[in-house]
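Below is one structure, written out as structure tokens; the observations come after it.
Values reported hereafter were calculated over all heavy atoms of this structure, with side chains retained and with hydrogens, waters and symmetry mates removed. Values in this document were obtained by computation on a predicted structure and should not be read as measured data.
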Amino acid sequence: MREREERFHVETTVSGDVVCVRVVGVIDIATVGAFRAALWAAPARSELRVDLSEVRLLSAAGVRALIAARLWVRAQGGQLVLVDPPPVVDQVLRATGLRRVIPIAEAAPDRMLAAAC
């Protein structure tokens with residue numbers, strides 16, 4: 001159990017109309033349940049930002065979770081935005097076509113000081 005905790009972590013912050021879900025580690029079959037739960041537990045706002053900057057792997061299960069989250073957020077009138085995917089994750093987003101349907105944003109330069117991404 002300790003190994004799973006070290007390789008995966010999710011935290012959610014809210015700042016005005018933006019909710020940021022920051023993910024650290026590997027999103028795979030073992031962790032996708034926690035990832036999905038964090039996305040669904042996020043309060044409804046106009047924008048749900050998923051900070052992928054510290055994700056080391058995005059599996060097919062993670063891709064499915066992002067697709068479902070996009071549909072869920074859009075149904076509520078909001079927008080899902082992915083933030084700073086590293087090259088290994090960006091490759092998956094390109095290969096699956098998600099990069100064409102989900103906006104990608106760079107984190108603000110002062111992200112380290114701000115509560116939301």
Side-chain angles (χ1 to χ4, degrees):
M1 185 66 167
R2 178 81 176 143
E3 180 182 331
R4 181 179 290 171
E5 291 172 9
E6 289 177 4
R7 70 180 202 138
F8 183 78
H9 174 75
V10 180
E11 61 184 50
T12 302
T13 55
V14 180
S15 179
D17 285 339
V18 177
V19 176
C20 180
V21 175
R22 184 175 157 267
V23 186
V24 176
V26 172
I27 302 173
D28 62 9
I29 194 69
T31 60
V32 74
F35 177 54
R36 197 175 18 232
L39 294 173
W40 265 245
R45 296 291 192 275
S46 63
E47 189 171 292
L48 174 59
R49 296 172 68 91
V50 181
D51 182 345
L52 299 172
S53 62
E54 295 185 59
V55 172
R56 295 187 312 271
L57 174 101
L58 179 66
S59 73
V63 168
R64 285 190 302 274
L66 287 173
I67 292 167
R70 178 182 179 267
L71 294 172
W72 179 73
V73 170
R74 285 182 58 138
Q76 295 181 7
Q79 179 178 17
L80 177 69
V81 176
L82 305 179
V83 179
D84 277 348
V88 69
V89 172
D90 196 47
Q91 270 187 315
V92 173
L93 297 175
R94 286 180 192 282
T96 59
L98 279 183
R99 205 169 207 304
R100 290 189 304 254
V101 296
I102 300 176
I104 309 289
E106 291 184 22
D110 59 349
R111 180 180 77 167
M112 300 307 278
L113 302 174
C117 43

Expected output: side-chain Arg45 to main-chain Gly16 donor-acceptor under 3.5 Å: yes

What heavy-atom pair brings Leu39 and Ala69 nearest, and what distance separates the two atoms? CD1-CB, 3.8 Å

Which residues pass the salt bridge (charged side-chain N to carboxylate O under 4.0 Å, His left out) test with Asp28, not counting sequence neighbours? Arg7

What is the minimum heavy-atom distance between Val21 and Ala42, and which atoms define it? CG2-CB, 4.4 Å

Rounded to the nearest 0.5 Å, what separation is found between the CD atom of Glu47 and the CG atom of Leu80? 9.0 Å

For the side chain of Ser53 and the backbone of Asp84, is there at least one donor-acceptor N/O pair under 3.5 Å apart? no

Between atom CG of Leu48 and atom CG of Asp17, what is the distance when rounded to the nearest 0.5 Å? 12.5 Å

Restricting to non-hydrogen atoms, name the atom on Arg49 and the atom on Val18 that form the minimum distance, rounded to 0.1 Å. CD-CG1, 3.3 Å

For Ile29, look at atom CD1 and say whether over 12 heavy atoms of other residues, nucleotides or ligands are found less than 6.0 Å away. no

To the nearest 0.5 Å, what is the distance between CG (Asp90) and CG (Leu52)? 10.0 Å

side-chain contact (heavy atoms from CB on, under 4.5 Å) between Ile27 and Leu66, worked out: CA-CA 11 Å; Ile27 302 173; Leu66 287 173; over 6 Å; no

Co-members of the apolar cluster containing Leu57 [side chain, <4.5 Å]: Val26

Taking the inter-plane angle between the rings of Phe35 and Phe8 on a 0 to 90° scale, is it parallel (under 30°), tilted (30 to 60°) or perpendicular (over 60°)? perpendicular

Do Ile102 and Leu93 have side-chain heavy atoms sitting under 4.5 Å apart? no

One should read off an interatomic distance between Thr96 OG1 and Leu58 CG, to the nearest 0.5 angstrom, of 7.5 Å

Ignoring hydrogens and geometry, is there a side-chain-to-backbone donor-acceptor pair from Arg70 to Leu98 under 3.5 Å? no

